[in-house]
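Down below is the structure, laid out as structure tokens.
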Amino acid sequence: MAANPHAEHLKELLEDLNEPQREAVTHGEGPLLILAGAGSGKTRVLAHRIAFLIYTDQAQAGEILAITFTNKAAGEMRERVERLLGHGTRGMWVMTFHAACARILRAEAQRLGYTRQFTIYDQADARRLTKRSADAVGVDPKRFTPAAIHNQISAAKSRLIDAASYRQQVGSQFEEMIADIYDIYERDLHRMNAMDFDDLLFRTVNLLELYEEVRDRYRDTFRHVLVDEYQDTNHAQYRLLQLLVGGGRAPLRGHEAQPGERPTYAGPVGHRNLAVVGDDAQSIYSFRQADIRNILDFADDFPDARVVKLEQNYRSTQAILSAANAVIANNRGGIAKHLWSELGEGERIHLRVLDDDYAEARYVVGEIQRLLDEGASRAEIAVLYRTNALSRVLEETLTRSEMAYQVIGGTKFYERAEIKDAIAYLSLLVNPADVVSFTRVVNSPRRGIGQTTLAKVLANADSLGITVWEAAAQPERVPGLGAAAVKALGRFMDTMVALRDMAGVEHDRGEPLEGVAPDAGQRERAHAGVPVADLLEALLAQTGYVEALEAERTIEAQGRIENLEQLVEGAREFDARADAGQDTVAAYLQEIALVADADTRSDEGLVTLMTLHNAKGLEYPVVFIAGCEDGVFPHSRAIEEGGLEEERRLFYVGVTRAMHKLYLTHARRRAVFGAQTYGMRSRFLEEIPSELLDEPPEAAFRGGTLAGAGAGAGAGAYGAGLAAARWERPPGGAARSRAPRDRGQAGERTGNGAAGFRLGEDVVHAAFGDGVVTGIEPDGVIVVRFAGDGSERKLMAEYAPVSRR
DNA sequence: ATCCTGATTTTTTTT
DNA sequence: AAATCAGGAT
């Protein structure tokens with residue numbers, strides 16, 4: 001090592017690591033398990049380890065596969081490594097499991113009977129397809145929702161149980177039904193040349209099991225494999241890693257090999273250079289089939305594995321750590337860790353009870369305001385909650401007090417209808433068998449192709465074994481279609497063909513069905529690839545999509561057009577960084593399919609709101625956890641279904657996000673599904689030793705604390721705000737006396753002139769921001785156009801959180 | 001085929 | 001409270 005030209009760098013690299021960290025970083029070949037407590041610097045260790053491997057010539061950049069849990073984490077990891085190396089990381093694979101699999105499958109898809117343009121279906125698409133399959137089986141959609149059914153199928157797939165194996169082990173009528181649907185679902189997916197998220201993993205495993213030379217190639221390519229958040233890997237991911245590094249074990253714990261099941265590769269032939277990092281106490285994704293045993297049993301899988309424990313925490317004060325330790329101690333099992341910190345005791349944890357969800361939000365916002373006045377910055381503050389639904393009231397309150405915030409996760413840009421439509425068009429151009437996309441766009445905008453026509457086309461395609469595209473391209477051949485339908489379809493397909501030619505996409509001939517085509521498709525498709533942005537623009541124009549929106553002449557439609565412009569803009573950025581000659585459209589589609597947290601900008605100067613799950617891996621000087629009530633957190637379903645330990649781990653994750661200040665709040669009364677519910681404080685609060693808590697006697701707190709806080713305008717809007725609108729309106733009548741729906745009253749209000757709003761008046765809405773009244777309708781409804789997103793909405797003046805500005 | 005209205009559902013958490 | 005869905009009217 002002394003002769004290493006990077007000796008200086010190396011020294012520097014190892015300098016400020018503690019002993020176990022250094023041991024993990026400098027571990028040479030062979031399996032390595034890093035048990036990293038919260039805040040113990042695991043990401044840092046991973047990044048340093050990668051840099052170490054390169055500096056010591058144990059690996060080239062292109063020989064490293066580093067798996068992270070989210071795209072965001074991947075980006076950060078790459079950045080860190082680049083900073084350590086002082087140069088780029090060309091050729092290094094730093095990405096999620098799903099992205100890595102998609103990349104491998106693009107190159108090898110032909111072997112599995114797919115074309116390389118296969119479509120990736122997101123959750124919503126997959127559910128749609130599930131619904132179709134369930135309908136085909138004749139399932140009562142009332143009793144079994146597509147979501148529930150798809151969950152079953154997804155669970156099976158992530159345990160590498162295919163439709164045939166599933167059928168062999170059915171043990172109930174319900175499972176038999178699922179087996180029927182699973183069959184059809186799989187058949188259709190394959191016919192459509194599409195994969196769902198689970199397939200990306202499952203098919204990659206298939207590929208590596210089926211083709212030794214492929215497996216060897218990737219095994220040679222990736223000399224070192226590193227995995228972050230190992231405690232949240234599922235069985236398919238576990239298996240994939242075994243295949244990539246060699247080594248391994250029985251197919252699935254507690255799952256007996258079925259007759260006909262593929263033999264498991266078990267030879268200790270690979271390099272076994274697998275380094276995993278995780279914390280069993282932070283395993284919070286079992287609902288996604290994550291199997292905590294993967295980390296618990298790592299040392300059994302690799303008896304010679306080196307195990308390193310990171311227990312010094314560099315993030316939080318001792319008070320916060322003690323609370324976290326005390327809570328997690330209520331879980332049984334797990335690997336013992338003793339987190340400790342040198343940062344001192346710190347202040348106690350603030351625990352507050354509020355009357356209702358609005359009071360809770362006002363407390364949180366007021367406290368944030370106070371901290372800001374003391375010199376904190378918005379970017380240092382995060383508000384966490386169990387479910388996305390809890391963000392609404394917080395958002396309303398933040399908006400009302402004019403405080404800049406961002407929400408991570410939640411409703412995403414790519415889930416908006418107009419965006420999904422545009423994407424579906426692209427997808428159909430690339431993949432003519434994509435029925436889900438075809439169904440979505442064929443009559444959007446309206447062109448007189450309704451359900452009946454669609455059903456006939458689909459049935460025709462099905463019976464002839466051709467793609468929807470082919471069936472629709474010859475409408476006169478579809479039996480039972482009227483002249484109007486034939487004409488409409490003809491016009492639609494003319495447009496689509498023209499667009500496809502522009503895209504320069506060749507549709508692979510023949511069905512990508514059944515028979516695995518060993519070395520088919522090595523011919524390179526060398527079309528240059530039109531800029532995706534241009535294609536999108538052309539598509540939106542030629543299909544009449546934008547025109548139809550313009551014709552609506554509503555502000556809402558205008559907003560949609562703006563969203564589409566944003567999409568085109570994003571595509572243009574993609575084009576700018578896309579490799580020349582790449583199959584741009586397919587690459588673009590893949591990127592947006594896998595980058596769900598695309599709008600996860602962590603702009604400076606914003607208070608951050610997100611679910612506890614989304615907070616994993618992050619840290620903030622100030623953390624609020626709202627909604628600490630039984631039923632909310634722990635979630636009622638977790639209580640019912642015995643998921644308490646995982647909820648507790650989630651609480652542990654939340655607590656350990658905090659560096660200096662931690663606030664836990666709960667409300668006595670909260671609106672759930674619009675109805676008021678009363679909950680008890682979370683049981684997890686009771687698990688925190690009281691000497692760590694700062695909990696004022698209840699009487700000390702009153703709702704109006706906020707008066708006078710912050711900028712005058714903000715505070716003013718506040719006072720006049722929701723509390724008043726919601727609880728004080730019926731004079732003398734407390735909220736509890738209000739009937740849920742009182743139409744008579746609503747009628748009377750009309751006389752009030754929609755609660756006093758006038759046309760053209762400037763108003764502010766708690767969630768949507770500034771707007772102007774563009775219409776007054778009977779029954780107290782006002783129409784407001786909002787400046788923020790350009791939308792126009794109808795609001796109940798009485799109930800909506802809207803007031804004059 | 002499309003539009004409207006009332007009923008029903010939604011809330012875990014995400015690649 | 002908001003979104004989706006089904007059924008019925010046009």
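Below, chains carry the letters A, B, ... as their sequence lines are ordered, and counting in each starts from 1.
Considering only the side chain of A:Thr453, B:dA1 comes nearest among B:dT13, B:dT11, B:dA1. Picking from B:dT10, B:dT14, B:dT15 the nucleotide with the shortest atom distance to the side chain of A:Thr96 gives B:dT15.
For B:dT13, the OP1/OP2 oxygens have a side-chain nitrogen or oxygen of A:Asn388 closer than 4.0 Å. Applying the 4.0 Å criterion to OP1 and OP2 of B:dT11, one finds that A:Ser636 has every side-chain N and O outside that range. Residue A:Thr611 places at least one side-chain N or O closer than 4.0 Å to OP1 or OP2 of B:dT14. Of the side-chain N and O atoms in A:Asn71, none sit less than 4.0 angstrom from OP1 or OP2 of B:dT15. Between A:Thr452 and B:dA1 there is a side-chain N or O to OP1 or OP2 distance below 4.0 Å. The side chain of A:Asn234 places no N or O atom within less than 4.0 Å of a non-bridging phosphate oxygen (OP1 or OP2) of B:dT15. Close to B:dC3, at under 4.0 Å from its OP1 or OP2, lies a side-chain N or O of A:Arg446.
Following rounding to the nearest Å, A:Ile67 (CD1) and B:dT15 (C1') show an atom-to-atom distance of 12 Å. The separation between A:Phe144 atom CZ and B:dT9 atom P is 15 Å, rounded to whole Å. Note: NE2 (A:His150) to C1' (B:dT14) measures 13 Å, nearest angstrom. Rounded to whole angstrom, the span from the CG atom of A:Asn151 across to the P atom of B:dT11 amounts to 11 Å. To the nearest angstrom, P of B:dT11 lies 18 Å from CG of A:Asp357. Between the P atom of B:dT2 and the CD atom of A:Gln451 lies a distance of 10 Å, rounded to the nearest Å. With rounding to whole Å, A:Phe69 atom CZ is found 10 Å from B:dT14 atom P. A:Leu594 places its CG atom 8 Å from the C1' atom of B:dT15, with the value rounded to the nearest Å.
Looking at every heavy atom in both residues, A:Glu647 comes nearest to A:His635 through OE1-N, 2.9 Å.
Residue-level contact check: A:Glu646 touches neither bases nor backbone, having no heavy atom under 4.0 Å from any strand. If you check every strand for non-hydrogen atoms under 4.0 Å, A:Phe97 touches nothing. Residue-level contact check: A:Asp198 touches neither bases nor backbone, having no heavy atom under 4.0 Å from any strand.
With 3.5 Å as the limit, one finds a donor-acceptor pair spanning the side chains of A:Tyr185 and A:Asp196.
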Would you sort out whether A:Arg681 and A:Glu629 count as a salt bridge (Lys or Arg N to Asp or Glu O under 4.0 Å), showing the intermediate values? CA-CA 4 Å; A:Arg681 52 151 52 180; A:Glu629 296 131 53; over 6 Å; no

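Residue A:Ile449 is the one, among A:Ile449 and A:His613, whose nearest nucleotide of DNA chain B lies closer to the 5' end (criterion: closest heavy atom).
With salt bridges taken as basic N to acidic carboxylate O contacts below 4.0 Å, one links A:Asp356 and A:Arg669. Salt bridge annotation for A:Asp125-A:Lys420: present, with a cationic side-chain nitrogen under 4.0 angstrom from a carboxylate oxygen. Checked for salt-bridge contact, A:Glu396 and A:Arg392 meet the test: a charged N lies under 4.0 Å from a carboxylate O.
Across the P atoms, B:dT13 and C:dT4 are found 15 Å apart, a figure rounded to whole Å.
In this structure, A:Phe287 forms an aromatic stack with the base of B:dT13, since both conditions hold: centre separation below 5.5 Å and plane angle below 30°.
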